[in-house]
Amino acid sequence: METFRIGPIRPPSEAASLLLQVTQGCTWNKCKFCNLYRHTRFQAYTIDSIKEDIDRMALYGEKALKNKRQDGTWDIERINTELSMMPADQQNCYYVVAMWLINGGKHVFLQDGNTLALSGGRLTEVLLYLRKAFPQIERITSYGRAENLSRVSAQEFAELKTAGLDRIHSGFESGSDEVLKLVNKGVTAEQQITAGRNIKAGGLELSVYFMPGLGGKELSRENAEGMAHVVSQVNPEFVRIRTAAVKPGTELYEDYEQGRFTLCSDDEKVIEVRRLITETKGVDTRLVSDHIVNLLQAVKGSLATDKEKMLGIIDGYLELPERDRKLFQIARRMGYVISLKEMLRLDGADRVKLEKLVDETPDRYEWAEKMNALIGRYI
Ligand code: SF4
């Protein structure tokens with residue numbers, strides 16, 4: 001059996017989705033904090049080659065479905081035997097499609113970084129073809145770059161919705177023009193607002209990302225206030241928190257090394273999330289924390305009804321003595337605990353080890369650098 005392309009990047013919320021690669025890389029590729037596609041030249045695949053991939057997925061799907069019993073259960077043993085008899089590249093494709101179907105076969109994510117760059121009705125054609133091949137699909141989502149999205153009208157989004165696109169994920173990262181410029185995001189807050197409003201008017205769901213800490217110490221307040229302004233203007237369905245980490249190999253890391261960018265502490269990043277919650281007005285957006293880089297993963301909920309609950313968690317953390325906050329930061333960043341509550345169950349020996357690490361680094365900025373390095377391992 002022929003194989004199909006599978007790109008590496010997708011949002012965590014699309015972990016169970018079938019991944020269809022319609023473009024490769026990112027059209028912009030210049031954000032200072034990102035090196036995801038630095039060595040990948042952007043390419044939009046032809047309609048024929050995307051359809052070919054969908055056809056191949058459908059063939060793997062047919063093969064998998066022969067292992068579905070009448071009562072709805074699956075003969076996993078036989079699928080495993082079939083997998084063991086395939087060459088490695090086919091194994092991967094068959095595994096992906098079979099697992100997707102076993103889990104309901106409901107969601108598809110279109111890769112890579114900026115699918116909306118697929119112009120001239122090509123995306124519509126892909127969507128229609130995909131829906132025909134897999135009629136059981138309930139949701140198709142994709143990444144889109146806000147600058148490109150701002151040039152798509154509400155009418156055009158409505159057409160994409162009719163063809164089968166349900167949700168767009170967009171890395172807004174910040175709503176502050178100063179921060180967006182600092183990290184060379186290539187988009188303005190105004191363009192984000194235009195894009196967001198058109199997406200929503202077209203009937204699509206919008207999931208945007210916010211990066212606490214992206215403006216560094218100097219623009220920490222602006223970063224949060226700007227995002228709160230954009231979210232208040234757009235009312236996206238979701239705001240996903242992605243705490244900023246400055247990683248080696250990015251331009252932002254060079255800025256940091258040369259003293260042009262000052263890292264925020266974990267506490268300052270938490271305060272940014274607090275500010276986003278308090279300053280976002282008149283929306284029913286859900287704040288989502290679905291990534292290990294976020295310190296307080298329990299801070300999530302509706303910006304209409306759960307503000308108090310979320311602020312309670314944040315304030316509970318901020319009111320701790322500094323040493324306890326640092327202890328939690330390192331325990332969380334090193335994978336010992338997930339939440340503040342779990343600190344009570346921290347093993348005595350582990351606690352002593354972590355306290356030693358805390359006490360070894362009294363300098364606050366040096367500590368922020370250590371935490372940054374630890375977070376960077378996760379992205
Ligand atoms: S638009 Fe997204 S994928 Fe492209 S460089 Fe920026 S952060 Fe990276």
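Please read these numbers as outputs of a predicted model, since none were measured by experiment. Both backbone and side-chain heavy atoms feed into the values below; hydrogens, waters and symmetry mates do not. Counting starts at 1 for both ligands and their atoms, following the listed order.
A salt bridge links R56 to E52: one of the charged nitrogens lies within less than 4.0 Å of a carboxylate oxygen. Ion pairing between K326 and D266 fails under the 4.0 Å rule for side-chain N and carboxylate O. Using a 4.0 Å cut-off between charged side-chain N and carboxylate O, E237 and K200 make a salt bridge.
Below 4.0 Å from some heavy atom of Y37 lie the following atoms of ligand 1, by number and element: 3 (S). With ligand atoms numbered from 1 in the order given, ligand 1 contributes 4 (Fe), 5 (S) to contacts under 4.0 Å with heavy atoms of N29. Under a 4.0 Å criterion applied to the non-hydrogen atoms of K30, ligand 1 contributes the atoms 5 (S).
Distance alone, capped at 3.5 Å, places no donor-acceptor pair between the E147 side chain and the G186 backbone.
For atom 8 (Fe) of ligand 1, the N/O/S atoms of C34 include one lying under 2.8 Å.
Contact annotation: L36 has no heavy atom less than 4.0 Å from any atom of ligand 1.
Closest protein heavy atom to atom 4 (Fe) of ligand 1: C26 SG, 2.3 Å. Looking from atom 6 (Fe) of ligand 1 to the surrounding protein, the closest heavy atom is C31 SG, 2.3 Å. Closest protein heavy atom to atom 2 (Fe) of ligand 1: K185 NZ, 4.0 Å.
Taking the six-membered ring where the residue is Trp, H169 and F109 present perpendicular rings, their angle passing 60° and hence far from 30°.
The residue from K247, Q329, K269 that alone fulfils the side-chain contact (heavy atoms from CB on, under 4.5 Å) condition with I375 is K269.
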